[in-house]
Each structure stands twice: as structure tokens, then as C-alpha cells.
Amino acid sequence: MNKPINILDKDYLQWVSELSKRYRQSQVKAAIKVNTEMLKFYWSLGRDIVALKAEVRWGSKFLANLSRDLKEQNPGATCFSPKNLLYMKNFYCMYLPYFSISQQVADQLENNSTLLQIEDRNNNNEIGQQLADQLERDIFATPWGHHILLIDKFLNEPQKALFYVHQTVANGWSRSALHNFIDSSLYERQGKALSNFKETLPCVDSDLAQELTKDPYNFAFTGITKPYNEHILKDALLNNITRFLTELGTGFAYVGKEYRLQIGEVENFIDLLFYNLNLSCYVVIEVKIGKFTFADVGQLGGYVVACNHTLRKAGRDNPTIGLLICKEKDRIQAQYALESSSQPIAISEYELEKFYPEKVEGTMPTIEELEAKLGDSTNK
């Protein structure tokens, strides 16, 4: 007689949970493999079109004819429309220069190491091959719909397309998320904050910390269109915490708002405190709705030092960094302030109005105000 399974048995439940986890992982791996093989086929088809000079050789209706013939021989296929065939050609053309460059880097590393010891030469060859492999993995791991969007936007700017490919793979962006980051000009903003990281952090950490910054930060998602103070802005950021964390970047975990620090006999309150998992450090964020002043860096530097003394765990956490996000800054003044500080600090601006029409007296213009302005311009 079969013994019924005790559904409350911990070993059984744990095994079922593990099976479910393994199943989901296998599904993800299968989807990635299918996507990779499909993209490699698209790449090879695009390569053939270019190598055969097909459009010159077989005329202006070549893509329409190829589409018809491929559909006839592959009745179940839905990917052979003339438009999609053109995307395949552009897919190959847009990324080809970077495949060539990565191979050139690998070759140069090998050639430059011919006089080195065998161990050093092998290390250089391995680095060059890793660069080429990473490029190929990222391109063929990115969904086709993402590539179509990137081709539409950046066919003649492949360096931008590749930036968004790497970001998509690293962050698992959906197509809509990719679209949003393109619209918010992430390529132009990423890693652009003024900072003293190179002078105050180890080389590897300084590069990663810099890459995590933006300038300006896009806070349009808060929906603020009327006069506001710092309290209103911080509340709006935290009321939209998911989008705020997305805008901050990879690896940020929220710790607290108005975070209390007892320094000596004085209570101090940090605007916003985060922990970055990639950097393994606390990140102190101060938000200022006015123009940057020298005093801002002094205050932020003090908070950074205090976090190192009271929160940072030796052997686990790297040195705390500070991020000052203000409405406006003079770059020279900000640079001088950074040079005066021994603490790792970055200074950025933020924007609220990027996706809004011009405001009238600090608020969104009403229909009447817009009509009045249009009337004034018509009467001039």
C-alpha cells in the first residue's frame, strides 16, 4: 500500500521548492539559449546580405522577393517580413565595427606581449578574449525587440547602442524600461557627476563609484510642478521609491530618511542614507533645492566621516561616499570644494521639468495662461 506523502514534511517541501527553483532556472536558460541562437541567425543573414551586395546584385525589390521566397520555404516562420530583413542587415552593420575593434584589441594585446614572459602573454591574451566574449554575450543576450529599438534610435551611433546593450544585460531591463532610459538621455548623464573619487578611493572602486553617478538626475517622476521645499522633494522621492532607486542606478538599497546620527552631544540627521551592494559601502545623499555652496561639501563630508565611525563595519564595508544633488551648481566652485575635501564626494544637479512645458511662476501653466501667451505672440 502506498504511503501518502505528508505535505507538511519539511524535507519534502524543501525538495519541491528546490525543484521549482531549478525548473524556473532551466526555463530562463532555455529562453536565453533560444534568443541567442535566433540572434546569431539574424546576424548571419544580415552578414550575407552585406557580403553578397544583395541589393545591388538583385535590385531594389530584393528584400520583398527574399521575404516571399523564405516564407514559401518556411511556412510557419513569422520573422521574414521585408522590414525585419532590413533590421537584420542593420543589426549586423551597426555592431560589426565593435566586433572588429574587440578582435583588434585582442590581437594588439597578443602582439604587444611577444617579448614578455609566457605567463604575462597568456594573461594578456585571456583579457583580450574576455573583452571579445563579453561583447558577443551581451549583444546576443539582448532581446530582438530591444535591438529593433536601438537600431531605430542609434543606427549611426553604435557606441550609444552598445552602451544600452550592456546596461540592459546588467540590469535586466524590459523594452519599456530601455525606452524610458533612452528618453531620459542616460548615455549623456551616466558617470558625469563632478567628483574627487580618483583622489580619495582606490582605483577600481573610484571607477565603479564614478560610473554609478549621473548628472543631472531626472526627478520628473515626482510630478512636482508647484513651489516646493526640501521636505516636499524628499517625500516625493520616497513616495516613488522604486523609480528613485532605478534612477540612482544598480545596487542601491534604501536605509533611511532623516537618518539620525549622534555625533558627540549633537543630534544630526542625514537627508537620505543608502547602501550600495556593488560598492559594499554606505552612500550619504544630501538634496539641496538651491544653488551649491562651499558649506554643502563641508556638511556632507562631516556626515561621511560620521558614518565611517558609527555605521561602517571593518572588513565588511568600504569607505562611505557622499552624493550632493542640488538644483544648480557653478562647476568651478564645485571643483574647488571637492579639491578641499579628503572624503569621497560627488556633486550633481537634478531636473524636475524635463518632460513638462515651461512653467509660469513656478507652476504648470493653465489653459487660460497658455491661450493668453499664444494670443500675445499672435498680436505682436
Side-chain angles (χ1 to χ4, degrees), residues 105 127 130-131 134-135 138 159-171 173 181-182 184-219 237 244-255 270-288 292 294 296-301 303-305 307-308 312 317-351:
V105 170
I127 292 170
Q130 286 175 354
L131 291 172
Q134 184 63 50
L135 176 67
D138 285 356
Q159 74 282 2
K160 291 188 179 181
L162 200 58
F163 167 83
Y164 286 110
V165 162
H166 291 320
Q167 293 292 324
T168 293
V169 173
N171 300 297
W173 287 347
F181 279 113
I182 292 173
S184 72
S185 305
L186 180 64
Y187 176 85
E188 288 75 18
R189 300 186 294 123
Q190 187 81 29
K192 296 301 190 296
L194 284 176
S195 79
N196 59 3
F197 292 155
K198 287 189 180 299
E199 292 73 32
T200 56
L201 293 172
C203 185
V204 175
D205 291 341
S206 70
D207 290 343
L208 180 55
Q210 185 66 46
E211 186 62 23
L212 287 173
T213 68
K214 298 180 178 69
D215 192 21
Y217 283 88
N218 173 22
F219 290 166
L237 292 174
F244 184 31
L245 288 170
T246 301
E247 176 62 14
L248 286 178
T250 306
F252 279 90
Y254 174 63
V255 177
I270 296 173
D271 277 358
L272 299 165
L273 184 63
F274 291 83
Y275 191 90
N276 188 275
L277 301 174
N278 295 332
L279 287 168
S280 296
C281 72
Y282 287 97
V283 181
V284 177
I285 298 181
E286 285 290 300
V287 179
K288 306 293 182 184
F292 168 78
F294 282 126
D296 295 332
V297 163
Q299 179 191 36
L300 181 55
Y303 290 159
V304 168
V305 172
C307 282
N308 283 333
R312 181 189 174 197
D317 303 323
N318 288 322
T320 305
I321 65 175
L323 175 58
L324 181 71
I325 307 178
C326 55
K327 189 70 181 90
E328 184 182 355
K329 67 178 183 297
D330 182 286
R331 292 186 66 86
I332 295 178
Q333 185 184 27
Q335 190 60 58
Y336 286 177
L338 290 171
E339 290 180 20
S340 73
S341 178
S342 61
Q343 302 306 313
I345 290 173
I347 303 173
S348 296
E349 295 179 356
Y350 67 87
E351 291 183 343

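Since the model is a prediction, treat every value here as computed from it, not as a measurement. Excluded from the calculations below are hydrogen atoms, water molecules and symmetry mates; all remaining heavy atoms, backbone and side chain alike, are included.
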What closest approach, in Å, do A193 and A346 show between heavy atoms, and which atom pair accounts for it? CB-CB, 4.2 Å
What heavy-atom pair brings A337 and F292 nearest, and what distance separates the two atoms? CB-CZ, 3.6 Å
Determine which pairs satisfy salt bridge (Lys or Arg N to Asp or Glu O under 4.0 Å) with at least one residue from residues 334-346, sequence neighbours left out, and list them in order. none
Any pair counted as salt bridge (Lys or Arg N to Asp or Glu O under 4.0 Å), so long as it reaches residues 194-206, sequence neighbours left out: K198-D207
Look at the side chain of [X] and the backbone N and O of [Y], then say whether any donor-acceptor pair between them is shorter than 3.5 Å.
| X | Y | result |
| --- | --- | --- |
| N196 | S342 | no |
| N308 | T320 | yes |
| R189 | S184 | yes |

Parallel, tilted or perpendicular: which describes the rings of W173 and F181, with under 30° parallel and over 60° perpendicular? parallel
About how many Å separate [atom2] of [Y] and [atom1] of [X], when rounded to the nearest 0.5 Å?
| X | Y | atom1 | atom2 | answer |
| --- | --- | --- | --- | --- |
| K329 | Q335 | NZ | CD | 10.5 Å |
| E211 | T250 | CD | OG1 | 9.5 Å |
| L300 | L323 | CG | CG | 8.0 Å |

By side-chain contact (heavy atoms from CB on, under 4.5 Å) - contacts of D271 (at least two apart): K234, E258, E286, V287
Steps toward side-chain contact (heavy atoms from CB on, under 4.5 Å) verdict (L248, I285): CA-CA 11 Å; L248 286 178; I285 298 181; 4.0 Å; yes
Heavy-atom neighbours of Y336 OH exceed 12 at 6.0 Å: no
Answer yes or no: is there an ion pair linking E188 with K160, defined by an N-O contact shorter than 4.0 Å? yes
